[in-house]
Q: 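If you scroll down you'll find the structure; I have some questions about it.
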Amino acid sequence: MRKLVPSYFAGAVLGAIGFFLGSQYVTHFIGAGNAPDGPNFDQQGLVIGFIGLLFGWLLGIGAFKYPFSWLLAMKDPDHEEEMRLAGKDAGVMRYFRFTTDHKVVGIQYLVVTMLMLALGGLGAMLIRTELITPGAKAFPTGTYNTIVSMHGMLMILTTISFFIGPFGNFVVPIMIGARDMAFPRLNALSFALLFPGLVIFMMTPIFGLIIMNGDGGGVQTGWTVYGTLADQTGIGMTPLAAGVLLIGASSIMGAVNLVTTVITMRAPGMTWTRLPMTVWGIFGAALLAAIGTGAFSADLLLILLDRIYKTSFFYVATGGNAVGAGGGSSWLSQNLFWFFGHPEVYLIVLPAFGIVIDILVVFGRKPLFGYKMAVLGIMGVVVLSFLVWAHHEFVSGWAPEIRPFYMATTEMISIPTGLVFLVVLGTLWRGRLWMTTAMLFAMSFIWNFLIGGLTGVFLSDVPADVQLHGGMFVTAHFHYTIVGGALMGFFAAVYFWFPKMTGRMLDERLGKIHFWGTQIGFNVAFLAMFYVGLQGMPRRVADYAPIFAPANFVISIFAFILAASILVFFYNVIASWVAGEKAVANPWGAKSLEWLVPTPVPLENFEEIPVVASGPYDYGEPVDSGKPIPAAGGGSAGQVAG
Amino acid sequence: MNEPQHLRRAALIWLVLTVVSLVAAWIIGPQLASWGSIPPVASNRAEDVDKLLGIFTLLSIPVFWLVVVFAGYAAFTFKSDGRPDRDGPGIRGHMPTQVTWVIVSVILVSFLFGYGLYAYNSLQSASAANTLVVHVNGEQWLWNYSFPQYGNASSTTLELPVNRPVRFDITSTDVQHSFWVPAMDVKQDAVPGVTTHISATPTQIGSYEVRCAELCGVYHSYMETPLLIVSESDFESYIATLQSGGSARIASPANALAWMVPDADSRASSIREGWVA
């Protein structure tokens, strides 16, 4: 019993009590139901319940212990106490409470993001079940829209956190030669907010579809939550907005922490030009998350205010079933959303750029081709991605005069992206390619992201976008970048770092089955989706005209193959984690710092902080025609001195 | 095999695949509309944009094969059997290649932008004197049309005269919709509180559809109504019918709720039938 307080179990119990007390407080002391002209008490009750849930949870897992002892002016924690907080001698229980060790947080993130991936994938399967034949047969249309919205939102939240969370936390500090993140408590808090955020988010179908409104009560908006519709949609919108707000806060905390860590915690000698590309990619993504997420949080907050207190930020019409006084702006909602929404897709894919490059180097046994070019590519994307968001509004009617500007910036972003492609090709060329599962996934990234990128050029063009916007072509395009790009990068990263993170090897044979199933399922399904998009099938519909039927049947069948292969992946992860082959410290022959520490990684990573004397890419025999071309961070002395 | 031989061989594969794909695209492209692979081409906009999509496709073919051939060639030729026992050459960059790559991508992007801008501007041309103005008002979940030049005659089905420029003035009464005529390449959001515009000239008589392209609530899937492009005289009689109050109003799916049957399959088809009532 002593062991269970504080822990997630105590957090779950206190969270449930907090939710009950919070929501009942509103019902009993403030009001119930919906006042026609006043606040919406149902939703107010839910939101205050969520706040109760959050506090109960944080109390139960032990997050308040140190803030309170600091407030009460007790003595500052000494090193011994810090180590206890980081989970020293806590055994497996350290994974089930508020623990500051970055490796524990990384593992927690890995498990939760995979759970989110499974839930989002379930949504995709429900969508494809509905669309396998014409006619809204499987679900009523309102329920279908809710599934579409939740699939979209959940997958975006997953992909935002599945690099920064597991690998940003576990791998990056070791890669740069640090003992932990810059702010270990903030790090633990960022995970501690993700989990209740997810729980609140998953209340959407429970309250929206089951308890309160029936078919129309879920979320009708899609993940874009455009204000006019978000204000009007059923009660499911409230848990969705509140949950995503919380996950957004978690994401900002994680991002700020990573940016600070990379800037300030690098070991002596770990210069900017010796950083592995993984660190660059995650660093760029963290910058985007730290700057961009706030706009979306503001958007969701305004939606909640509109819905509960009738503030009318977004609602325009008056009379009828209008919400509030009217006079709002739908364009405000679109701009707030896309100012976050577009950097966000680069946020998802930048870590994949870095990780894929690193994996190609390790399994190609060749130095990185054009280090500075790769850095320029990633940072160029970071800068440009904040200047392109209005290409999502080419048909919105907003500010037609500046469309050419956004067309130019959007097309310009293909230049830094193109640099990354040259780096990738140059690194592969004449390497000694070791085709492990991680390498296969990294190589599939090239094919998939190339298709995603080239189709993006079609959409960047204003007149072409007018036809393709809002259709299945767009859906196929961004699935090629996010699933074909980022998710394949994630799989590559899992196969690559799993031995370091868990001490066990993943099964390579199952890995190959997973790889081929994923590639075939994904590519056939989404190439067919480009086809229906060109035919003119709109996005987010439960029913469609007969002309789209053959392609949709193909998409659904291959989507099921894709899902089956991902089940193989989950089985592989669970089985290997429990009883896989034991991993040695450096199974791949890699040269970055995380492979030079023992497995399992000791609590403070390094006995002594290493002094770095060379870059992570020192592979290679002398070139045929003379000496190797020197590059930044060159030198071939021992990796770690001291 | 030494380095130049690998390079020459990969370049040759790239060249062959590119030429074959370009020829195939050149032959297949013009047939797509007749196969139903792209929407019918029924306006000047649609003609221009299809040309644009064709040019983008032709441009992306060499780029696509460049990356695929070189990565694929490396994957097959430089594969090591199991764990490599030695490293590859220590190449850390090749300045001429890098510089060429940047220059070529800048040229490609400049061309894309220049051509896109030209196409965009030519579609924004000033409206002709005989332009037909149609007020479009989105509503959950149907479209209302009225013709200000014809005494605000109004309808929920749309007919347009062929070869006469049309300007759509679009707005919405409730949430954001998007007015989409796939065959005419017309798409413009219907934003509550503001009026947005888009122009096109229908060029082919026929029966098409108007769709909502922005998720707008429970029955968004069914916000789909017919469009007829007709001769000038048929259009006059359509307007005359509207002015005498003789138009049949399409039932919105929302109105159809009352007579909806619980079985989802027949419900879907009844909703579709509801529009042509």
Side-chain angles (χ1 to χ4, degrees), chain A residues 135-137 141-142 216 220 222 226 228-229 232 316-317 330 365-367 369-370 373 395-397 404 407-408 411 415 418 421-422 425 428-435 443 446 450 454 458 461-464 466-467 469-470 534-536 538 540-543 547 619-621 623 628-629 631, chain B residues 36-39 49 52-53 56 60 63-64 67-68 70-71 74-75 78-80 83-84 86-93 98 101 105-106 109 112-113 116-117 119-120 123 173-176 178 182 185 187-189 191-194 196 211 213-221 264-265 268:
Chain A
K137 291 174 185 164
T141 48
Q220 307 297 331
Y226 281 177
T228 49
L229 187 56
Q232 185 210 46
V316 180
S330 180
R365 292 291 195 264
K366 211 170 145 268
F369 183 90
M373 207 170 191
V395 300
S396 72
M407 179 159 80
E411 285 167 357
I415 297 175
F421 272 102
L422 178 64
L425 290 182
L428 279 176
W429 193 251
R430 297 188 63 211
R432 307 252 187 271
L433 310 187
W434 180 13
M435 292 297 179
M443 295 207 54
I446 304 172
L450 176 69
L454 286 176
F458 287 67
D461 185 79
V462 179
V466 168
Q467 175 67 341
H469 191 98
L534 283 174
Q535 279 190 309
R540 296 161 164 172
V541 288
D543 192 0
I547 188 176
Y619 291 97
E621 299 166 348
V623 191
I629 296 152
Chain B
S37 303
I38 55 172
V49 171
L52 197 69
L53 289 175
F56 281 5
S60 53
V63 178
F64 175 77
V67 175
V68 170
F70 278 82
F78 307 129
K79 199 163 87 114
S80 108
R83 190 185 182 105
R86 60 200 181 100
D87 288 358
I91 308 165
R92 288 172 179 270
Q98 287 167 261
W101 186 277
S105 49
V106 169
V109 166
L112 284 178
F113 177 65
L117 198 61
Y120 176 65
L123 288 173
T173 49
D174 36 46
V175 300
Q176 189 170 330
S178 190
D185 218 327
K187 189 183 282 136
Q188 184 67 60
D189 285 359
V191 185
V194 283
T196 54
R211 272 223 46 99
E214 183 63 64
L215 185 51
C216 60
V218 178
Y219 293 102
H220 165 68
S221 306
D265 209 7

Q: Check the pair A:Gln232 / B:Val175 against side-chain contact (heavy atoms from CB on, under 4.5 Å), numbers first and verdict last.
A: CA-CA 8 Å; A:Gln232 185 210 46; B:Val175 300; 3.6 Å; yes
Q: Do A:Ser330 and B:Gln176 pair up side chain to side chain, a donor and an acceptor below 3.5 Å, judged on atom types alone?
A: yes
Q: What part of B:Val194 is in contact with chain A, defined as an atom under 4.5 angstrom from a non-hydrogen atom: side chain, backbone, both or neither?
A: side chain
Q: Measure A:Leu454 against the heavy atoms of chain B and call it side chain, backbone, both or neither at under 4.5 Å.
A: side chain
Q: Determine, stepwise, if the pair A:Phe458 / B:Leu53 fulfils side-chain contact (heavy atoms from CB on, under 4.5 Å).
A: CA-CA 7 Å; A:Phe458 287 67; B:Leu53 289 175; 3.7 Å; yes
Q: Would you say the side chain of B:Arg92 lies within less than 4.5 Å of the side chain of A:Lys366, judging by non-hydrogen atoms?
A: no
Q: Under a 3.5 Å distance rule, please check whether A:Gln535 uses its side chain to pair with a backbone N or O of B:Gly36 as donor and acceptor.
A: yes
Q: Looking at B:Phe113 and A:Pro404, what are the two nearest heavy atoms and their distance?
A: CE1-O, 3.3 Å
Q: Could you work out, with side-chain contact (heavy atoms from CB on, under 4.5 Å) as the rule, every residue matching B:Ala119, not counting sequence neighbours?
A: A:Pro463, B:Leu52
Q: Is the shortest heavy-atom distance from the side chain of B:Trp101 to the side chain of A:Leu425 under 4.5 Å?
A: yes
Q: Quick one: closest heavy-atom pair of A:Ala542 and B:Ser221, and the distance?
A: N-OG, 2.7 Å
Q: Side chains of A:Gln467 and B:Pro39, heavy atoms from C-beta outward: is any pair under 4.5 Å?
A: yes
Q: Looking only at heavy atoms, what is the nearest atom pair of B:Pro84 and A:Arg432, with distance?
A: CG-O, 3.5 Å
Q: Give, as side chain, backbone, both or neither, the part of B:Val67 having an atom under 4.5 angstrom from any heavy atom of chain A.
A: both
Q: Are the side chains of A:Arg540 and B:Glu214 in touch, meaning some heavy atoms are under 4.5 Å apart?
A: yes
Q: Do B:Lys79 and A:Met435 have side chains that approach each other closer than 4.5 Å (heavy atoms only, starting at C-beta)?
A: yes
Q: Write down the atom of B:Thr196, the atom of A:Gly397, and the distance for their closest heavy-atom approach.
A: CG2-CA, 3.7 Å
Q: Any non-hydrogen side-chain atom of B:Val49 less than 4.5 Å from a side-chain atom of A:Val466?
A: no
Q: With the side chain counted from C-beta on, respond yes when B:Gln98 and A:Leu422 share a heavy-atom pair under 4.5 Å apart, and no when they do not.
A: yes
Q: Under the side-chain contact (heavy atoms from CB on, under 4.5 Å) rule, collect the residues that match up with A:Pro538, sequence neighbours excluded.
A: A:Val541, B:Trp180, B:Arg211
